[in-house]
Structures are given as C-alpha cells and as structure tokens.
Amino acid sequence: MTGAGSAGRAPSADGGRESGEVALARHRRFERRLWVRALAAAVPVLLLVWAHAQWWT
Amino acid sequence: MVTTVLAVLVALGALPMAVSLVGYLLLPLHARAAHLDRAVPGTHPRITVLVPAWNEAAVLRYSVDRTLTADYPPDRLRLLVVDDASTDDTPAVLAAARERWGVRVDTLRRDRGGQGKAHTLNAGLERILAEDWTDAVLITDADVVFAPDAVAHLARHLADPEVGAVTAFIREGSRPAPGITRSIGFEYAAAQLAARRTQNVIGAQACLAGGAQLLTRENLLALGGAIDTGTLAEDTVTTLLTQVHGRRVVFDPHAECLAEEPASIDALWRQRLRWARGNIGVTRRFHRLFFRPSREHHLGNVWFGLQWYCTLLLPVLMVCSSAALVLTWLIDRSMSTLYFQGWWAVNALAFVFTTAYTLLLDRDVARRSWWQALTFPGLINVAVIVWVIAPGPISGGWSEGTREWVQLAAMVWISACMLAAWGLRRLERVPRLGGLARTLLPVVGFGPLLCAITAAAYVAEARGASRAWEKTEKTGKVAAS
C-alpha cells in the first residue's frame with residue numbers, strides 16, 4: 001500500500017507480540033544505520049566542491 | 001558600518017538553510033533518541049479512533065474499513081465518527097459502516113456544523129471521555145488511511161508512562177499523483193522523516209500530525225478534556241501544551257499512513273495559509289517558551305527555537321537578504337560578488353546535502369519525487385546554483401558588464417520568486433490557464449511558493465482577515481491507489 005516505506009516493510013504483521021518485536025528490531029536497525037545515509041548524502045556535496053574547484057574560473 | 005550591517009543581513013538569509021543543515025547532521029543521533037528502546041511491542045491500550053467528518057462520503061467508505069482491519073486486537077480498537085452536519089452521503093455511508101462493524105463503529109451527528117475541526121473533535125471527545133473504556137484517542141482525518149501495522153507501532157510507545165502523545169509519518173498518497181502532490185510528498189519527507197526525527201533527538205516536537213495523533217487519556221484530561229478552539233493550528237497547540245505539562249511527545253517514523261493532499265496551487269495556498277496563520281497565532285501565544293530552558297520540557301532548546309522562527313520569518317529573511325545584496329551591488333561590485341557567492345555557497349551545499357539525505361531516508365519518496373526534490377527551489381535558482389558552483393564554463397565568455405547584471409537579476413530573484421509564485425496562483429484561476437500555471441511551478445519553485453504563502457499569512461493577520469475554518473477538499477484519490 002505505502003510502497004517500500006522508510007524501513008522496507010517485512011511481510012504483514014499479524015498483531016502478535018513476536019511480529020511486533022521483529023518489526024521493532026528492524027526499525028532499531030534502520031535508525032542505527034542513519035549515519036551511513038549521512039555519509040552517502042555527503043557524496044554529492046563533495047562532488048559539488050570538486051566541481052567548484054575544477055571550474056572556478 | 002554600512003557594509004557590516006549589509007553583511008549581517010545577507011548572512012541572515014543563509015540562516016534557515018544552515019539551521020536545517022545542523023538538524024540533518026543531528027539525525028544519526030536518532031538511533032539513541034527514537035524512543036524505540038522504551039517501546040514495548042504488544043502494548044495494546046484500548047484505542048478509540050476519532051474522525052471528524054464534513055461531507056466525507058467519498059473517503060470514509062474506504063478509510064473506516066482500513067482502520068478497523070488494522071493489525072490490532074479488534075476488541076481494543078473502536079471508531080467514532082463525528083458528522084459535522086454533512087450535506088452529502090456521509091450519514092448513509094456511516095449507517096452502512098455501523099451495520100458492517102456493529103459496536104466497533106459509533107457515530108455522532110452535530111446539528112450545527114462548520115465551526116471548525118476543533119469543535120467537531122470536542123463533541124467526540126466529550127462522548128469518549130464520559131466513558132471509562134478508552135485508554136487513548138487516535139485523532140485522525142477522514143481521508144487518512146493507516147498502514148496495517150501503524151496503530152500498533154504508535155501504541156507501543158505508550159508502554160512508557162512519560163509519553164503523552166505519539167504521532168506518525170503522513171505520506172502523501174494521491175494516485176494518480178500530479179506534480180504538486182509529488183512536491184508535497186518530498187516536503188513531507190523532509191518535514192517529518194528528517195525534521196521530526198531531529199526534534200525527537202532534542203526532545204521537543206513542534207507539531208503532532210493533524211491526521212495521526214495518538215493521545216493518552218491522562219494527557220487529554222490534563223488538557224481539559226478538549227482541543228483548543230481558539231486557534232487555526234489546534235494540533236500544534238495540543239503538541240506544545242502536552243510538553244508544557246511535562247509529558248513527552250514522540251514521532252515514530254515507522255508508523256505510516258496515507259493522506260490526500262491538494263492537487264492545485266490554489267487549494268494548497270488556502271490550506272497552507274490556514275496553517276501559517278495558525279502558527280503566527282501559536283507564536284504570539286507561546287513566544288515565552290522559546291530560547292528559555294525549562295525543567296519540564298525542551299521547547300526552549302536553541303535549535304528548536306531557531307528552526308521555529310526561521311520557518312516563520314523566512315519571507316522576511318529572504319527579502320532582507322535580497323535587498324542587502326542589491327544595496328551592496330550598488331555600493332561595491334567586488335564586495336557584492338563575494339557576498340553573493342558566499343550566500344549561494346552555503347545555501348547550495350545545505351540544499352544538496354539535505355535533499356540527498358531526505359531522498360535516502362525513503363525509497364518511495366525518492367522514486368516518485370526526485371524531480372520535485374531537485375526543483376524544490378525552482379529551476380531559476382537551481383541555474384544560479386550551477387553558475388555559482390561552476391562559473392567557468394557558464395559565464396567564462398561573458399563581458400564583465402553582462403556578468404554583473406545577471407548577478408543583480410539573481411539577487412533580485414531571491415525575493416521576486418515569491419511574487420512570481422503569487423502570480424502563478426492568480427494565473428491558475430484564469431480559465432484554461434490553470435495547467436500552464438502548474439507547469440511553470442517547477443521554474444519558480446515549490447519552496448518559493450510556500451514562502452509566498454507565509455508572506456500572505458502576515459498580510460492576512462495584519463488585515464485581521466476572517467479566521468473561518470476552510471476545509472481542504474478530499475476526493476478519495478488515496479482509496480483509488
């Protein structure tokens with residue numbers, strides 16, 4: 001329904017405690033890896049700086 | 001002295017993007033501040049979903065069934081729809097829903113409608129709180145469609161008694177999705193998946209999403225058992241009051257729901273004008289909270305205050321910055337070039353980083369809205385960014401005079417783009433030219449459009465324009481997806 005979503009949805013949960021725990025573990029993992037996304041987002045910034053140095057004049 | 005003042009004014013224009021950049025840099029800390037460590041799966045308080053409805057037949061048919069089929073114990077999830085004196089098929093749709101769902105669907109019809117969302121909600125809250133059954137109330141909108149696991153994801157945070165309210169990620173869900181709704185999709189990702197995560201990190205939330213706010217019974221009672229009716233931003237007032245009373249407000253980015261958002265410039269303008277005017281009122285009422293540390297809450301956090309005021313004062317900052325750049329151009333051309341390039345360098349670097357990070361936070365938004373993300377400042381401003389970053393290949397062959405005049409035009413455009421956005425709204429109202437206005441929006445920019453709406457809110461407040469509640473029309477495009 002909502003596509004992959006922010007954390008990539010696992011097969012539909014059935015409301016039971018176990019599936020809720022699996023989802024929670026997945027969400028915690030996603031949050032722990034936010035720094036990887038920060039590094040990836042820095043790549044275009046570095047490209048920009050490189051382009052600026054290259055074509056400044 | 002004059003050049004120092006001008007330099008400060010120019011720098012103020014770079015402040016909003018700099019503050020936003022700091023917020024994004026704090027994002028990785030969310031791993032420790034997401035409240036997921038205190039969330040307990042299997043926490044299932046008795047929840048009543050409260051839906052205010054005025055002429056919502058097109059969307060209620062679908063959203064009621066989707067809400068009640070959530071992955072949540074059926075005996076602990078009910079729904080109360082408050083019909084705000086609808087004149088369409090809403091009563092018939094609700095009667096059919098009651099027949100299908102029995103005691104799980106309750107309805108309440110107000111004889112006198114049109115007073116606004118808060119009044120409608122209060123009619124429902126009065127009934128809900130009069131009985132003991134409900135542990136928490138999930139306030140939503142008739143068009144909002146929750147993901148099957150969203151209610152359970154929200155409820156898991158209520159295992160922590162310090163939490164007074166939890167909010168979800170509202171995803172723009174119109175299908176087919178025209179350009180404007182795709183822009184809103186990107187904006188929602190930036191404003192929620194990024195900004196509200198940062199607000200979790202600092203421990204202060206600015207606003208519970210109006211369409212997905214789970215409030216504990218204790219919190220509602222502490223708020224007087226009712227939503228504030230004297231504001232156009234009742235969800236923001238609820239959010240701030242919850243925290244003032246010492247309760248925590250949590251954003252769960254993994255609890256998702258879909259909502260239908262405006263598909264025309266005019267509809268967006270009317271919706272956001274209401275929001276912006278509401279926020280001006282909230283600022284008047286709560287201004288003493290900002291930049292003042294408190295033992296009860298973190299609303300006095302410096303970054304929080306800067307983010308709040310940068311959003312509210314963005315049009316002023318842009319006009320000041322633009323005017324200061326033009327004045328510098330008139331006084332000292334080489335100085336103006338330095339300021340101009342510095343201003344754009346800060347904004348360009350922050351824009352690229354925050355845009356890339358936002359798209360990396362959500363694959364769905366990245367797939368649907370990458371073009372709207374790239375053109376968020378408008379193609380003209382993007383062209384200026386490219387020019388500032390790589391002037392060699394672009395203006396290498398220009399004469400000094402040409403370069404200076406193009407620079408002046410770019411300086412004026414920083415504020416003139418808001419006028420152009422206002423012009424697009426007027427153009428959209430001209431018969432047969434609405435499509436042209438929406439086509440030109442990426443050239444002017446969605447960001448400048450939002451900025452222009454905030455400026456229009458100043459004008460409306462200064463003129464004392466009517467504060468009548470103007471509902472955003474919903475047509476059921478989420479259900480069609």
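Letters A, B, ... mirror the listed sequences (proteins, then strands); counts begin at 1.
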Item to check | Pairwise side-chain contact, B/Arg156 with A/His27, heavy-atom cut-off 4.5 Å (strictly under) | outcome: yes
Checklist entry - Roughly how far apart are A/Ser19 OG and B/Asp149 CG, rounded to 0.5 Å? => result 9.0 Å
Checklist entry - With side chains defined as the heavy atoms from C-beta onward, is the minimum distance between A/Arg37 and B/Leu27 less than 4.5 Å? => result no
Checklist outcome for this item: Rounded to the nearest 0.5 angstrom, the CH2-CG distance for A/Trp35 and B/Leu29 is 13.5 Å
Checklist entry - Are side-chain heavy atoms of A/Val49 and B/Ile389 found at a separation under 4.5 Å? => result no
Checklist entry - How about A/Arg26 and B/His254: do any of their side-chain heavy atoms sit closer than 4.5 Å? => result no
Checklist entry - CG/B/Leu36 to CZ/A/Arg29 distance, rounded to the nearest 0.5 angstrom? => result 12.5 Å
Item to check | Lys/Arg-Asp/Glu bridge criterion (N-O < 4.0 Å) met for A/Glu31, B/Arg32 | outcome: no
Item to check | Contact summary for B/Phe353 and A/Ala41, nearest pair of heavy atoms | outcome: CD1-O, 3.5 Å
Next on the checklist: If I measure from the heavy atoms of chain A, does B/Val365 come under 4.5 Å with its side chain, its backbone, both, or neither?
Outcome noted: neither
Checklist outcome for this item: Heaviest contributor of heavy-atom pairs below 4.5 Å to chain A, chosen from B/Ile385, B/Val151, B/Leu349, B/Leu25, is B/Leu349
Item to check | Residue pair A/Pro44 / B/Val352: nearest heavy atoms and the distance that separates them | outcome: CB-CG1, 3.6 Å
Next on the checklist: As a quick check of understanding, evaluate side-chain contact (heavy atoms from CB on, under 4.5 Å) for B/Tyr357 and A/Leu34, giving each step before the final call.
Outcome noted: CA-CA 9 Å; B/Tyr357 206 159; A/Leu34 281 175; 3.9 Å; yes
Next on the checklist: Is it the case that over 12 heavy atoms from other parts of the model lie below 6.0 angstrom from the CH2 atom of B/Trp370?
Outcome noted: no
